[in-house]
Number of protein chains: 2
Amino acid sequence: MLKFALLGFLLRQSMTGYDLAAAIRSSINFVWPAQLSQIYRTLGQLENDGLVVSEVVPQQGRPDRRVYSATDAGRQAFDGWLGELVTELDPVRTPFLVRFFFSGTRAPEEMVTQLRVLRDLHLRQRDQLAHELPGYIAEFAAANTTDDRDPLIWDAVRRAGEMHAQTWLDWIDETIARLEDAAGKAQPR
Amino acid sequence: MLKFALLGFLLRQSMTGYDLAAAIRSSINFVWPAQLSQIYRTLGQLENDGLVVSEVVPQQGRPDRRVYSATDAGRQAFDGWLGELVTELDPVRTPFLVRFFFSGTRAPEEMVTQLRVLRDLHLRQRDQLAHELPGYIAEFAAANTTDDRDPLIWDAVRRAGEMHAQTWLDWIDETIARLEDAAGKAQPR
DNA sequence: CCGCTATATGGCATGGCTCATATATAACTT
DNA sequence: AAGTTATATATGAGCCATGCCATATAGCGG
């Protein structure tokens, strides 16, 4: 996966691993975060497979930059990947829900507290996606050769994140209400 | 993660790895699927760590059953896990959105087609969560010692899946409309 | 002097995935 | 009647991607 994301960026513009990390951070981080170490390792594989090549650019004071560029084979691999058809939903792994599923033995107030904490996190996430990310994307677009449909698409991806964050907020509110309702009925008056 | 899920089930009821796979399939599969091989390996680790013990029950015709039970240490570990506070959102990895992010070079109709395929999958998923899962959960509840808050909680987890599936549907509709709108404007009359 | 930015690389642990294998019965399919 | 597939059960080998942590260098801002 990361493999293809890196190729995708490099096809727009050659850059270093460090730059790639920044590109990811200002774009797809919320759907596919990556550590620097992971990026470098993956670049190594890509180079091994001939999908990218690198060129060392000496620098003073800093480690030399190693600038990566996608090759023709890289473009082909990437295009193949883009053309793949979706046949199954990717499994979604949601640790929180697993925990929640098993927390029937816990005090209801504790569950509500946990939900409130989670709510805060999702709220921040939603606001970040709604307000901060657009700025990063604009910068990123300005710095990159962009197809004219890119802004629309990037915004759609951003929107997906925003909508899901909102759905979490709604779910949490609904769930807290249900828990409180049940607690109210359990020990009435 | 799986470790704790298994413990959670075993604390309700001792069972074999095979049974655990079935328990997962009829409950948290959509938030945490697991292969049989993975389950057995994890049970092995749990046993090593003294969190579960197993007892072999001979059978004719079939491989002997190895029935696992959670130990006291297992209960403690599990409780500790349940008590953990959420401090950060779990990263959500969504391969589809990564692909989508990079598909600016593709024909818009192709993107729409892909979105329609995805829509179908999410639609099925939503309906399954809305209609089939409740039945499984009911069966599962009948077969297990359940706390009286369990049904509420299990349904909340189910609802989270349903709501997220619905959000996907909404996002896809919105995105298709935006793409078609843009295409209409690009080549008018 | 601490910590951040820029840059690259290494090692180890974790946990998931795929595929293979073994065995017996029952239930379909041709 | 023969053959496939499914169900119940357990286990092993090997791959792969991620994660976390450490290290090296150097300049700049506090």
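Sequence lines set the chain letters: A, B, ... in the order given, protein chains first and strands last, and positions in each chain run from 1.
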- Message: Can you list, in residue-number order, the parts of residues 89-96 of chain B that come under 4.0 Å of DNA chain C, counting heavy atoms only?
- Response: none
- Task: Check each of A:Arg116, A:Arg119, A:Gln114 against A:Ile172 using the side chain to side chain contact (heavy atoms under 4.5 Å, CB included) test, and report the only one that passes.
- Result: A:Arg119
- First locate atom CG of B:Asp170, then atom NE2 of A:His164, and finally report the distance between them rounded to the nearest 0.5 Å. 9.5 Å
- Query: Whole-Å distance between C:dA22 C1' and B:Arg66 CZ?
  - Reply: 16 Å
- Take the protein atom CG of A:Asn48 and the nucleotide atom P of C:dT9, then report the distance between them rounded to whole Å. 13 Å
- Task: Give the ring-plane orientation class for B:Phe4 versus B:Trp81, where under 30° counts as parallel, over 60° as perpendicular and anything between as tilted.
- Result: parallel
- Let me know the distance between CG of B:Leu2 and P of D:dT18, rounded to the nearest Å. 20 Å
- Message: Tell me whether the rings of A:Phe101 and B:Trp154 are parallel (<30°), tilted (30 to 60°) or perpendicular (>60°).
- Response: parallel
- Query: Going through the distances and angles, do B:Arg178 and A:Asp155 end up as a salt bridge (Lys or Arg N to Asp or Glu O under 4.0 Å)?
  - Reply: CA-CA 11 Å; B:Arg178 288 221 253 166; A:Asp155 194 63; 3.1 Å; yes
- Separation of atom CD in B:Glu55 from atom P in D:dT9, rounded to whole Å: 15 Å
- In whole angstrom, give the distance that lies between atom CG of B:Leu6 and atom C1' of C:dG16. 13 Å
- Query: So do the side chains of A:Thr16 and A:Val57 get within less than 4.5 Å of each other, counting heavy atoms only?
  - Reply: no
- Item | Separation of C:dG16 P from B:Lys3 NZ (nearest whole Å) | 11 Å
- What do the steps show when you test A:Tyr40 against A:Tyr18 for ring-ring contact (aromatic ring centres under 6.0 Å, His included), and what is the final call? CA-CA 8 Å; A:Tyr40 286 115; A:Tyr18 195 84; 8.1 Å; no
- Anything under 30° is parallel, anything over 60° is perpendicular, the rest tilted; go ahead and classify A:Trp168 against A:His122. parallel
- Note on the structure: Rounded to whole Å, CE of A:Met1 lies from C1' of D:dT18 at a distance of 14 Å
- Message: If you compare every side-chain N and O of B:Arg65 against the phosphate oxygens of D:dT9 (OP1, OP2), does one of them come in below 4.0 Å?
- Response: yes
- To the nearest Å, how far apart are A:Ile24 CD1 and D:dT18 C1'? 13 Å
- Query: Near DNA chain D, which residues from residues 28-43 of chain A have a heavy atom under 4.0 Å away?
  - Reply: A:Trp32, A:Gln35, A:Ser37, A:Gln38, A:Arg41
- Would you kindly say whether B:Ser54 and B:Arg66 are connected by a side-chain donor-acceptor distance under 3.5 Å? yes
